[in-house]
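Presented below is the structure to which this report refers.
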Amino acid sequence: MKIPRVGSRAIAIAFYLAFRSMSPAFSQNFKPSGSSQENSSIDPPTSLDCSTVTPYTFYGHLPYPEVPPQNLVEVGNSERLERSAAISFRQMQIAAARDGVTLVPLSGFRDRALQTELFYTIAAQRGQSLQQRARVSAPPGHSEHHTGYAIDIGDGVDSWYDFSQDFERTAAGQWLMKNAQNYGFELSFTRNHPCVSYEPWHWRWVGDADSQFVFQTARDLVPGIRSELQEIELQERSQPKIKSTHTPH
């Protein structure tokens, strides 16, 4: 029996309405991390705040819905993406291979349970505060990987640089910077992102109206965020590419 596809736009709308409906009640009893003052206001912040948790953001991370499992397909290494994103990723892999570059899918869709492990458990293991952990990992419910539109990519030859800022030095990293936009992918966390560390391996697919709506909806939760992040991304794209001098994660 064929399982009907659930539209990403419908999922995002439902998630948005549910989130908005719970936010006022949640915010009335919410106390920001590191603050002794009560936050009784239900008004969203007007810019991205990297230092607090609010009903709208978590240390600068925005909330995202989970894509239904039936909308996911494998793209290699047992990793899955939303169907349309998967098609584009495979096309991108083929194009890269023609240029002698191997794009390896490292991490695609993640559910809340896995993201909880990656965020809270590893933070405890490493002795990181949640604010420190949020610089390099999203809390559950706030990861782009939940949408099925985000993927971490590695180099088939230089796997040493997987999940490293120096991934941009690899053939795969350089190829993606030059060509990924032609397949609907954009870099999520640029050097100039205010809250999240630079991740040249993390790409999100915005190749159709549904995927664009998912990310736009998350940004619209916080007035001003959309234009703020777009300006940062525009500045990043206009800067000349240089080799990374950052220490790998």
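Note that this is a predicted model, so its numbers are computed, not measured. Values reported hereafter were calculated over all heavy atoms of this structure, with side chains retained and with hydrogens, waters and symmetry mates removed.
Annotation: side chain of Phe89 is in contact with side chain of Pro105 (closest heavy-atom distance under 4.5 Å). Side-chain contact between Gln93 and Tyr183 is absent, with no heavy-atom pair separated by less than 4.5 Å. Inter-residue side-chain proximity for Glu82 and Thr147 is flagged as unmet; no heavy-atom pair is nearer than 4.5 Å. Side-chain contact check for Arg204 versus Leu187: every heavy-atom pair is 4.5 Å or farther apart. Proximity of Gln131 to Ser51: side-chain heavy atoms (C-beta onward) are separated by under 4.5 Å at one or more points. Contact of the Ile153 side chain with the Leu176 side chain is registered, since non-hydrogen atoms from C-beta on lie closer than 4.5 Å. The side-chain heavy atoms of Glu117 and Ile122, taken from C-beta on, include no pair separated by under 4.5 Å.
Put simply, the residue from Ser211, Ser88, Ser84 that forms a side chain to side chain donor-acceptor pair (under 3.5 Å) with Trp205 is Ser88.
In this structure, the side chain of His193 does not engage the main chain of Tyr198 through any donor-acceptor pair within 3.5 Å. Checked by atom type and distance alone, the side chain of Asp166 never pairs as donor or acceptor with a backbone atom of Arg169 at under 3.5 Å. A donor-acceptor contact shorter than 3.5 Å links the side chain of His146 to the backbone of Gly141. Not a single donor-acceptor pair under 3.5 Å links the side chain of Asp158 to the backbone N or O of Trp160.
Taking 4.0 Å as the cut-off between side-chain N and carboxylate O, Glu74 and Arg80 do not count as a salt-bridged pair. In summary, Glu199 and Arg191 do not engage in a salt bridge, as defined by a charged side-chain N under 4.0 Å from a carboxylate O.
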Query raised in the report: Going through the checks in order, is the salt bridge (Lys or Arg N to Asp or Glu O under 4.0 Å) test met by Arg112 and Glu66?
Result: CA-CA 8 Å; Arg112 291 179 66 97; Glu66 276 192 25; 5.1 Å; no
**Report entry** Verdict with supporting geometry, Asp162 and Trp201, side chain to side chain donor-acceptor pair (under 3.5 Å)
**Finding:** CA-CA 8 Å; Asp162 289 353; Trp201 63 87; over 6 Å; no
**Report entry** Full working for salt bridge (Lys or Arg N to Asp or Glu O under 4.0 Å) between Arg110 and Glu144
**Finding:** CA-CA 9 Å; Arg110 299 179 196 156; Glu144 291 186 348; over 6 Å; no
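No cation-pi contact links Arg133 to Tyr120, judged by a cut-off of 6.0 Å to the six-membered ring centre and 45° from its axis.
For the residue pair Thr217 / Asp220, no side-chain donor-acceptor distance below 3.5 Å is found, with atom types taken as modelled.
Tyr64 and Phe189 are assigned to two separate hydrophobic clusters, defined by single-linkage of ILVMFWY side chains at heavy-atom distances under 4.5 Å.
Here the CG-OH distance, from Leu81 to Tyr149, works out to 10.5 Å after rounding to the nearest 0.5 Å.
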